[in-house]
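Values in this document were obtained by computation on a predicted structure and should not be read as measured data. Residue numbers run from 1 in the order of the sequence given.
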Amino acid sequence: QVQLVESGGGLVQPGGSLRLSCTASGSISTIGDMGWYRQGAGNQRTLVATIRRGGSIHYADSVKGRFTISRDIAKNTMYLQMNSLKPEDTGVYYCNADRIGSTIGYWGQGTQVTVSS
């Protein structure tokens with residue numbers, strides 16, 4: 001099994017920055033691609049960014065140029081550096097990991113990000 005734990009969320013002013021972390025434990029060798037998702041107003045789970053094991057990256061249009069996803073495989077950790085934060089970025093951010101050669105995926109418990117004055 002794989003366990004994912006997010007951290008780094010909090011309250012920040014518009015224009016500020018936060019850095020989220022997702023640390024994996026358990027059967028780490030089974031993890032392939034990873035990504036960040038969020039649930040904001042309307043309770044819709046939306047893709048924020050993905051990063052393949054080989055390093056290929058995709059960003060949602062709404063965060064492109066402001067957010068940076070990275071991954072340290074040796075440390076079993078994925079990061080999301082969020083700059084120039086907007087109130088629209090508010091939501092619960094979830095870490096996701098795909099299992100290689102399986103339909104099984106994993107999710108963290110989420111970390112709250114609130115962007116407000």
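- Within the 4.5 Å cutoff, the side chain of T50 has no heavy atoms near those of the I69 side chain.
- L11 and L18 are members of different hydrophobic clusters when ILVMFWY side chains are connected at heavy-atom separations under 4.5 Å.
- Qualifying side-chain contact (heavy atoms from CB on, under 4.5 Å) partners for I104, counting only residues two or more places apart in sequence or in other chains: R99, S102, Y106.
- A heavy-atom distance below 4.5 Å is found between the side chains of V48 and L80.
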Side chain to side chain contact (heavy atoms under 4.5 Å, CB included) between D89 and R66, intermediate numbers included: CA-CA 11 Å; D89 296 317; R66 300 186 297 119; 2.8 Å; yes

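- Side-chain contact of Q112 with T114: a donor-acceptor pair under 3.5 Å is present, judged by distance alone.
- Across all their heavy atoms, S27 and V2 have their closest contact at O-CG2, 3.4 Å.
- For the residue pair R53 and D33, the shortest heavy atom distance occurs at N-OD1, 3.6 Å.
- Residue M34 is grouped with residue I57 when hydrophobic side chains (ILVMFWY) are merged at heavy-atom distances under 4.5 angstrom, including chains of intermediate members.
- By the 4.5 Å heavy-atom criterion applied to side chains, V12 and M82 are not counted as neighbours.
- Two residues are said to be in side-chain contact when any heavy atoms from C-beta on lie closer than 4.5 Å; P14 and K86 fail this criterion.
- The two residues E6 and Y93 come nearest to each other via the heavy atoms OE2-O, 3.9 Å.
- Using a 4.5 Å heavy-atom threshold, the side chains of L85 and F67 count as touching.
- The two residues Y79 and W36 have their closest heavy-atom pair at O-NE1, 3.4 Å.
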Audit row: S17, N83, side chain to side chain donor-acceptor pair (under 3.5 Å) steps and yes/no: CA-CA 4 Å; S17 298; N83 299 325; 2.8 Å; yes

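- Residue W107 shares its hydrophobic cluster (ILVMFWY side chains chained together at separations under 4.5 Å) with Y37, L47, V92, Y94.
- A donor-acceptor contact shorter than 3.5 Å is absent between the side chain of R45 and the backbone of Q39.
- Taking OG1 of T23 as the reference point, atom CG of L4 lies at 9.0 Å (rounded to 0.5 Å).
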Side chain to side chain contact (heavy atoms under 4.5 Å, CB included) assessment of T111 paired with L20: CA-CA 8 Å; T111 184; L20 306 184; 4.1 Å; yes

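- Note: the hydrophobic cluster containing M78 also contains I28 (ILVMFWY, side chain heavy atoms under 4.5 Å, direct or indirect links).
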H58 and R52: CA distance, side-chain angles, deciding distance, side chain to side chain contact (heavy atoms under 4.5 Å, CB included) verdict: CA-CA 9 Å; H58 171 79; R52 301 185 191 276; over 6 Å; no

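- In this structure the side chain of S116 never reaches within 4.5 angstrom of the side chain of P87, judged on heavy atoms.
- In this structure, R38 and S62 approach most closely via the heavy-atom pair NH2-OG, 3.5 Å.
- Looking at heavy atoms from C-beta onward, R19 lies out of side-chain contact with S7 at the 4.5 angstrom threshold.
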